[in-house]
Amino acid sequence: MTMSYYTLGNSGLRVSRLALGTMTFGTEWGWGADRDTARAMFDAYVEAGGNFFDTADLYTGGTAETWLGEFVAERGLRDKAVIATKFTMNSNPGNPNAGGNGRKNIMRAVDASLKRLGTDYIDLYLMHIWDRLTPAEEVLRTLDDLVRAGKIRHIGLSDVPAWYAGRAQAIAELRGYEPISALQLEYSLAERAIEHEFVPFGTRHGAGIMVWSPLASGLLSGKYRPAQAGNAGRLDGFRNTTHPGFQKFSEHNWAVVAELEKVAAELGRGMAQVALNWVATQPGVATVILGATRLSQLQDNLAALDFSIPPALRQRLDKVSGTPAPFPHSYFGPEIQVRVAGGVVTGDKPSGYALPVVVEGEAVAISSN
Ligand SMILES: NC(=O)c1ccc[n+]([C@@H]2O[C@H](COP(=O)([O-])OP(=O)(O)OC[C@H]3O[C@@H](n4cnc5c(N)ncnc54)[C@H](OP(=O)(O)O)[C@@H]3O)[C@@H](O)[C@H]2O)c1
């Protein structure tokens, strides 16, 4: 395979279209990989041409950052590697300021990450999850200070409401702070909610989407089945929990899995490869973060961009995985637009401009009232 690269958002940072996730580096959470396996996956990824590594301060209690830093150093790759890590989660129960998005925690967290990673700078520093409290001004100003101090190079947001991301980017632009170059969000054939707000925001305002859980935690590899409560992988451990990241067994998702299986068979490819290819080639996606607990899984996934999905097969995947647009997006389709434009059918902009993502729908007759 040949790894290709995109620049992340509006930045000049070149990242491979497949990133390596490290949430599975370490067994502390009960479903990760041991050190030798993690190292073998790191090596395979580097040898495939990958340069983009995603981690977070408290993945596997800090083991993920520590191992990533060690692997990068052992191979002498610090200059080549693009390392993304995150803050927000609390590192010290009982101390509310050892978590969250306030300045005190960000300043503590960045130094702790630099220490575990064994480096003096982070390429992309992301807010992990919205804490519902800290004003965007405080977060942006603190991150801008860290860029100027040389501790971080670029900034991003993960798991935030779209209005917050829009406000944060506007603050950055108007105040001359470091802009948001990346949005890290869940996206897959089993979770397409980001298409309504985040994809148009990211493509218009310079934030590249970093996809997490592109296989819906393994569901889209096809190894889970509706009638089977077995021992296939990570999701089995969450069957009786309410953790929001791992509730994947639904009628809708089983229909997606069934159609994906047929499409993959027609393509002569594995289901995981087809699911990864689909999401990597969706509008706005800068990079897809691969997750794996075994070397064989990662090798399988690294071949996901070696083919293309023909339009007819893609349409079948789009159709089975799509859900009706929620309000107000249900109001932006052609039926309303012809009324906005007074019945005149126009291309919205001269060619060369980024156009809004097209709202799917049938052509409609011009209505007169
Ligand atoms: N910002 C955030 O909030 C956030 C949240 C989650 C993840 N992330 C990032 O995104 C990365 C990827 O997320 P993810 O691990 O959830 O991705 P994923 O691709 O949805 O799931 C990966 C899991 O699926 C299974 N799998 C992967 N490839 C397979 C294959 N070819 N065949 C069969 N099973 C396969 C493995 O689990 P089993 O072996 O257990 O089945 C693997 O650990 C993480 O490492 C992390 O860096 C970020």
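For clarity, every value in this text was computed on a predicted model and none was experimentally measured. For ligands, and for the atoms within them, numbers begin at 1 and follow the listed sequence. Just the heavy atoms: all of them, side chains too, but no hydrogens, waters or symmetry mates, feed the values below. Count residues from 1 along the sequence.
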Closest protein heavy atom to [atom], given as residue, atom name and distance to 0.1 Å:
atom: atom 25 (C) of ligand 1; result: Gly218 CA, 3.8 Å
atom: atom 6 (C) of ligand 1; result: Trp212 CE3, 3.2 Å
atom: atom 20 (O) of ligand 1; result: Ser217 N, 2.8 Å
atom: atom 27 (C) of ligand 1; result: Gly291 O, 3.3 Å
atom: atom 39 (O) of ligand 1; result: Thr293 OG1, 2.6 Å
atom: atom 17 (O) of ligand 1; result: Ser213 CA, 3.4 Å
atom: atom 36 (C) of ligand 1; result: Gln297 OE1, 3.4 Å
atom: atom 15 (O) of ligand 1; result: Arg234 NH2, 2.7 Å

Nitrogen or oxygen of [X] less than 3.5 angstrom from that of ligand 1:
X: Lys86; answer: no
X: Ala216; answer: yes
X: Trp31; answer: no
X: Leu215; answer: yes

Contact atoms of ligand 1, heavy-atom distance to [X] under 4.0 Å:
X: Ala292; result: 42 (C), 43 (O)
X: Gly233; result: 40 (O), 41 (O)
X: Ala272; result: 31 (N)
X: Thr22; result: 45 (O), 47 (O)
X: Met23; result: 6 (C), 7 (C), 15 (O), 16 (O), 44 (C), 45 (O), 46 (C)
X: Ser221; result: 32 (N), 33 (C), 34 (N)
X: Thr24; result: 43 (O)
X: Asp300; result: 31 (N)

Record the part of [X] in heavy-atom contact with ligand 1 below 4.0 Å; permitted values are side chain, backbone, both and neither.
X: His128; value: side chain
X: Ile289; value: both
X: Ser158; value: side chain
X: Thr55; value: neither
X: Lys223; value: side chain

Tell me whether [X] at atom [atom1] has more than 12 heavy atoms from other residues, nucleotides or ligands lying less than 6.0 Å away.
X: Arg148; atom1: CZ; value: no
X: Arg132; atom1: CZ; value: no
X: Tyr331; atom1: OH; value: no
X: Met23; atom1: CE; value: yes
X: Glu47; atom1: CD; value: yes

- Message: Is there a ring-ring contact (aromatic ring centres under 6.0 Å, His included) between Phe198 and Tyr187? Walk through the geometry before answering.
- Response: CA-CA 11 Å; Phe198 291 98; Tyr187 191 24; over 10 Å; no
- Task: Just say parallel, tilted or perpendicular for the rings of Phe246 and His243, cut-offs at 30° and 60°.
- Result: tilted
- How are the rings of Trp130 and Tyr164 set relative to one another: parallel (under 30°), tilted (30 to 60°) or perpendicular (over 60°)? tilted
- Task: From atom 46 (C) of ligand 1, work out which of Tyr187, Phe246, Tyr59 has a heavy atom at the shortest distance.
- Result: Tyr59
We want to know whether [X] and [Y] form a side-chain donor-acceptor pair, criterion being a heavy-atom distance below 3.5 angstrom.
X: Thr7; Y: Arg14; value: no
X: Lys86; Y: Tyr59; value: yes
X: Asp300; Y: Gln273; value: yes
X: Thr242; Y: Gln247; value: no

- Query: Hey, is Gln273 one of the residues with a heavy atom under 4.0 angstrom from ligand 1?
  - Reply: no
Say whether, by atom type as modelled, one donor and one acceptor occur between the side chain of [X] and the main chain of [Y] under 3.5 angstrom.
X: Asn51; Y: Val15; value: no
X: Thr119; Y: Tyr121; value: yes
X: Thr22; Y: Phe25; value: no
X: Ser213; Y: Leu215; value: no

